[in-house]
Amino acid sequence: MRVEVDFDRCESNALCMGAAPEVFEVRDDDFLNVLTEEPSADLHGKVREAARLCPKQAITVKE
């Protein structure tokens, strides 16, 4: 799995961070950071949920 974020669409609202804090982090500067672009298999479900929750559909998951 590979995680991609369209930062032009991302509003850094942190819903993804709530679903998968091991992969997504919104820091004090209010910008989203992807902590790992290729998460381990045990995080795949959380990453899919984070992508589903994104109100701007800025997260793409490539299997």
Side-chain angles (χ1 to χ4, degrees):
M1 168 184 281
R2 182 165 179 78
V3 177
E4 295 179 2
V5 176
D6 181 343
F7 290 100
D8 291 332
R9 295 173 75 181
C10 177
E11 293 181 337
S12 299
N13 56 36
L15 292 177
C16 58
M17 188 172 91
E22 303 89 344
V23 179
F24 303 100
E25 180 180 58
V26 176
R27 297 186 180 150
D28 292 337
D29 61 5
D30 286 331
F31 288 102
L32 175 67
N33 291 282
V34 179
L35 302 175
T36 179
E37 292 179 350
E38 296 182 8
S40 59
D42 62 315
L43 296 175
H44 289 188
K46 287 183 171 186
V47 171
R48 285 187 198 98
E49 179 68 4
R52 187 188 70 76
L53 291 173
C54 181
K56 297 307 244 175
Q57 299 300 294
I59 300 170
T60 303
V61 175
K62 303 216 176 189
E63 301 287 341

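Keep in mind that this is a model prediction, so the values were computed, not measured.
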Starting from V47, can I reach V26 by hopping between I/L/V/M/F/W/Y residues whose side chains sit under 4.5 Å apart? yes
Grab the two heavy atoms, one from A58 and one from R9, that are nearest each other, plus how far apart they are. CB-CB, 4.0 Å
Please say yes or no: joined through hydrophobic side-chain contacts below 4.5 Å, possibly via intermediate residues, are V23 and L32 part of one cluster? yes
Are there more than 12 heavy atoms of other residues, nucleotides or ligands under 6.0 Å from atom CZ of F31? no
If two hydrophobic side chains count as joined below 4.5 Å and joins carry through other members, does L53 share a cluster with M17? no
Any V61 side-chain heavy atom under 4.5 Å of M1 side chain: yes
Gap between atom CZ of R52 and atom CG of L15 - 0.5 Å precision: 10.5 Å
Smallest heavy-atom separation, L35 atom then P21 atom, equals CD1-O, 3.6 Å
Would a distance-only check, ignoring hydrogens and angles, find a side-chain to backbone donor-acceptor pair under 3.5 Å from D6 to D8? yes
Please round to the nearest 0.5 Å and tell me the distance separating atom CD of E25 and atom SG of C16. 10.5 Å
Indicate yes or no: does E49 engage K46 in a salt bridge with an N to O separation below 4.0 Å. no
Measure across E22 and T36 and return the closest heavy-atom pair with its distance rounded to 0.1 Å. O-CG2, 4.2 Å
What verdict does the side-chain contact (heavy atoms from CB on, under 4.5 Å) test give for V3 and I59, after you've listed the backbone C-alpha separation in whole Å, the side-chain angles of each residue and the deciding distance to 0.1 Å? CA-CA 7 Å; V3 177; I59 300 170; 4.2 Å; yes
